[in-house]
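Comments concern the structure below.
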Amino acid sequence: MESADHKIINGHKHVSFHSETISETELIAKSESFYKWQDERRSVRDFSDKHVPKEVIENLIKSASTAPSGAHKQPWTFCAVSNAEIKAQIRKEAEIEEKESYESRMSKSWKKDLEALGTDMNKPFLETAPWLIIAFKKAYDFGENDEKMNNYYVTESVGIACGMLITAIQNAGLVTLTHTPSPMKFLANILDRPSNERAYLLLPVGYPETPTFVPDLKRKELDEVAKFYE
Ligand code: IYR
């Protein structure tokens with residue numbers, strides 16, 4: 001059965017998609033205001049412990065999970081932690097890894113590059129922030145009979161979903177930080193994740209502490225990040 005609102009491709013239903021065409025003036029205005037708003041986003045390392053409702057976190061994760069993914073497999077699990085004991089355990093184990101990284105694993109030039117950001121091995125935000133969202137990538141999935149099911153472009157897909165999560169967090173009026181303790185294996189152990197999941201990124205979510213200071217960073221100019229072929 002074919003009708004104007006859907007068609008069948010390879011035996012699968014495709015529904016009609018409509019996106020409103022606006023004027024070029026509106027296009028320019030919308031794209032510019034979105035850019036200006038995104039340009040206000042800053043990674044914040046000092047969090048307030050102010051409560052954030054669980055429903056907000058659910059909506060943020062639902063937004064991230066709208067991301068495009070290889071063969072629409074959505075190869076991710078977002079673990080949201082507000083439990084104080086679990087946050088304390090995550091902080092303790094992250095700081096053990098970070099201490100090792102700062103003291104022996106990271107090169108001199110790497111640490112020099114980080115000087116401007118003011119990072120160190122101490123990660124109090126892992127306990128202070130009301131929520132930690134840990135993104136896990138699913139290397140593969142399990143089918144109905146526990147057989148392995150392929151996922152595709154897993155790293156890219158989860159990276160895109162995390163980018164959208166960061167934007168959703170900003171849109172909600174909250175702040176975050178892309179934290180990647182390395183190695184991150186301890187997160188799968190603490191959160192008891194199945195064998196197909198690997199920790200990808202940890203995002204503390206909440207309000208900034210007041211006052212909060214962030215590095216006086218400058219972003220690259222358009223001509224440093226883009227080349228046009230017209
Ligand atoms: N993971 C460490 C080090 C670190 C690395 C990079 I690259 C940064 O942009 C920031 C920090 C830490 O979280 O301190």
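First listed ligand is number 1; within each ligand, the first listed atom is number 1.
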Requested in this report: Find the distance between SG (Cys162) and CD1 (Ile169) and round it off to the nearest 0.5 Å.
Outcome: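 Taking SG in Cys162 and CD1 in Ile169, the distance rounds to 9.0 Å.
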Query raised in the report: Which atoms of ligand 1 sit under 4.0 Å from any heavy atom of Asp120?
Result: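 Reading through ligand 1 atom by atom, the close ones are 14 (O).
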Query - Under 4.0 Å to a heavy atom of Thr180 - the qualifying atoms of ligand 1, by number - result: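 Taking each heavy atom of Thr180 in turn, ligand 1 has 1 (N) under 4.0 Å.
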**Report entry** Cationic N near anionic O, under 4.0 Å, Glu127 to Lys87
**Finding:**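 Looking at Glu127 and Lys87, the cut-off is not met.
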Report task. May I ask you to decide whether Lys99 forms a salt bridge with Glu95, counting only side-chain N to carboxylate O separations under 4.0 Å? Result ->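 Judged by the 4.0 Å cut-off on N to carboxylate O distance, Lys99 and Glu95 do not form a salt bridge.
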Query raised in the report: Is it true that Lys123 lies under 4.0 Å from ligand 1, counting heavy atoms only?
Result: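 Contact check Lys123 vs ligand 1: positive.
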Query - contact_flag Asp113 ligand 1 heavy-atom lt 4.0 Å - result: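 In this structure, Asp113 fails to qualify as a contact of ligand 1 - no heavy atom is under 4.0 Å.
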Nearest neighbour in protein (non-hydrogen) for [atom]:
{"atom": "atom 12 (C) of ligand 1", "result": "Glu98 OE1, 2.9 Å"}
{"atom": "atom 4 (C) of ligand 1", "result": "Leu114 CD1, 3.5 Å"}
{"atom": "atom 7 (I) of ligand 1", "result": "Trp110 NE1, 3.5 Å"}
{"atom": "atom 3 (C) of ligand 1", "result": "Tyr102 OH, 3.5 Å"}

Requested in this report: Anything under 30° is parallel, anything over 60° is perpendicular, the rest tilted; go ahead and classify His179 against Phe125.
Outcome: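 Rings of His179 and Phe125: perpendicular, over 60°.
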Query raised in the report: When the ring planes of Tyr140 and Phe142 are compared, do they come out parallel, tilted or perpendicular, using 30° and 60° as the limits?
Result: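 Answer is perpendicular, since the angle exceeds 60°.
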Query raised in the report: Relative to ligand 1, is His179 under 4.0 angstrom through side chain, backbone, both or neither, heavy atoms considered?
Result: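 Answer for His179: side chain.
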**Report entry** Note, Leu174 side chain near Val52 side chain (heavy atom, < 4.5 Å)
**Finding:**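 Of all side-chain heavy-atom pairs linking Val52 with Leu174, at least one is under 4.5 Å.
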Report task. Please say whether more than 12 non-hydrogen atoms of neighbouring residues, nucleotides or ligands are located less than 6.0 Å from CZ in Phe186. Result ->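 Yes, enclosed.
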